[in-house]
Amino acid sequence: MPLKIVPTNPNILIAGIGNIFLGDDAFGSEVARRLLTQNWPPNVKIVDFGIRALDLTYALLESWDVVILIDAAPRGGAVGTLYLIEPEPAEVLATSEAMPGEMLIDAHGMDPIKVLRLVHSMGGKINRLLLLACEPSSNADEMEMEMSPNVQAAIPEAVAMIESLVSKLVAVPSTSPK
């Protein structure tokens with residue numbers, strides 16, 4: 001993997017995504033809500049996008065050095081397991097082509113892959129993308145107002161991971177020529 005150059009004072013967007021009416025799917029929104037209660041440097045913006053895909057699309061069209069998405073994502077692990085994933089945006093787009101006639105954005109749902117596709121089609125560029133994902137329970141798609149106990153228990157650790165990640169990103173010395 002090539003070395004990622006991060007400016008000394010990177011502009012960082014932290015985006016919580018998920019549906020608060022679908023149990024564990026609320027993970028990203030809840031983590032963002034908790035992060036919003038803290039003080040952050042002016043170059044760090046935290047937003048709970050929920051299921052507002054179009055709002056996230058427009059936000060991603062702005063110039064961000066790093067975008068951190070927070071979401072529930074089934075990956076086959078134990079419920080509540082946290083994953084920090086750094087997908088290459090170009091690889092995500094290459095492996096997820098739109099089907100003919102497929103809507104890019106759903107006004108009542110959030111599909112991050114579709115959002116990235118739309119951003120790309122509008123000329124936007126994601127410099128560095130990170131995903132903090134939490135393994136949901138198998139009933140994450142059912143109408144349920146509460147998250148499972150294991151996902152609820154993962155929220156403080158997810159908040160701490162974001163704090164640590166932002167500290168490391170902000171402390172990274174510039175490797176670009178002066």
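Counting begins at 1 with the first residue of the sequence. Only a predicted model underlies this, so the values are computations on that prediction, with no experimental measurement involved. What you see below is based on every heavy atom in this structure, not just the backbone, and it leaves out hydrogens, waters and symmetry mates.
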Distance (rounded to the nearest 0.5 Å) between Leu54 CG and Leu118 CG: 7.5 Å
Heavy-atom side-chain proximity of Met147 to Pro136 below 4.5 angstrom: no
Validation row: Val47, Asp55 side chains within 4.5 angstrom (heavy atoms): no
Leu129 side chain near Leu116 side chain, heavy-atom distance below 4.5 Å: yes
Straight-line distance of Glu30 CD to Gln152 CD, nearest 0.5 Å: 8.5 Å
Thr57 (side chain) donor-acceptor with Ala53 (main chain) under 3.5 angstrom: yes
Ile162 CD1 to Glu157 CD distance, which is reported to the nearest 0.5 Å: 11.5 Å
Worked check of side chain to side chain contact (heavy atoms under 4.5 Å, CB included) between Ile85 and Arg75: CA-CA 11 Å; Ile85 305 162; Arg75 298 186 49 84; 3.6 Å; yes
Student check: side-chain heavy atoms of Asp65 and Asn43 closer than 4.5 Å: no
Min side-chain heavy-atom separation Phe27-Leu82 under 4.5 Å: yes
Trace of the side chain to side chain contact (heavy atoms under 4.5 Å, CB included) decision for Val170 with Ile12: CA-CA 9 Å; Val170 171; Ile12 301 170; 4.3 Å; yes
Considering all heavy atoms, the nearest Leu61-Gly124 contact: CD2-CA, 3.7 Å
pair Ile20-Arg33: side-chain heavy atoms closer than 4.5 Å: no
Trace of the side chain to side chain contact (heavy atoms under 4.5 Å, CB included) decision for Leu165 with Val66: CA-CA 11 Å; Leu165 186 58; Val66 181; over 6 Å; no
Atom OH of Tyr58: over 12 foreign heavy atoms under 6.0 Å: no
Ile46 side chain reached by Gln38 side chain, heavy atoms, under 4.5 Å: no
Separation between CD1 of Ile68 and CZ of Arg128, rounded to the nearest 0.5 Å: 8.5 Å
Side chain Asn127, main chain Trp64, donor-acceptor under 3.5 Å: yes
Shortest non-hydrogen contact from Leu84 toward Met161: CB-CE, 4.2 Å
Glu62, CD atom: more than 12 neighbouring heavy atoms under 6.0 Å: yes
Minimum-distance pair of heavy atoms, taken over all atoms of Pro156 and Ala153: CD-O, 3.4 Å
Atom of Pro112, atom of Asp71 and distance for their closest heavy-atom approach: CG-OD2, 3.9 Å
Polar side-chain atom of Tyr83 near backbone of Gly77 as donor-acceptor pair, under 3.5 Å: yes
Straight-line distance of Lys114 NZ to Leu56 CG, nearest 0.5 Å: 14.0 Å
Nearest heavy-atom neighbours spanning Ala133 and Ala73: CB-CB, 3.7 Å
Asp24 side chain to Ser137 backbone, donor-acceptor under 3.5 Å: yes
Spacing of Ile17 atom CD1 and Leu69 atom CG [to the nearest 0.5 Å]: 5.0 Å
Non-hydrogen atoms of Gly16 and Ala32 that approach each other most closely: CA-CB, 3.9 Å
pair His120-Arg117: side-chain heavy atoms closer than 4.5 Å: no
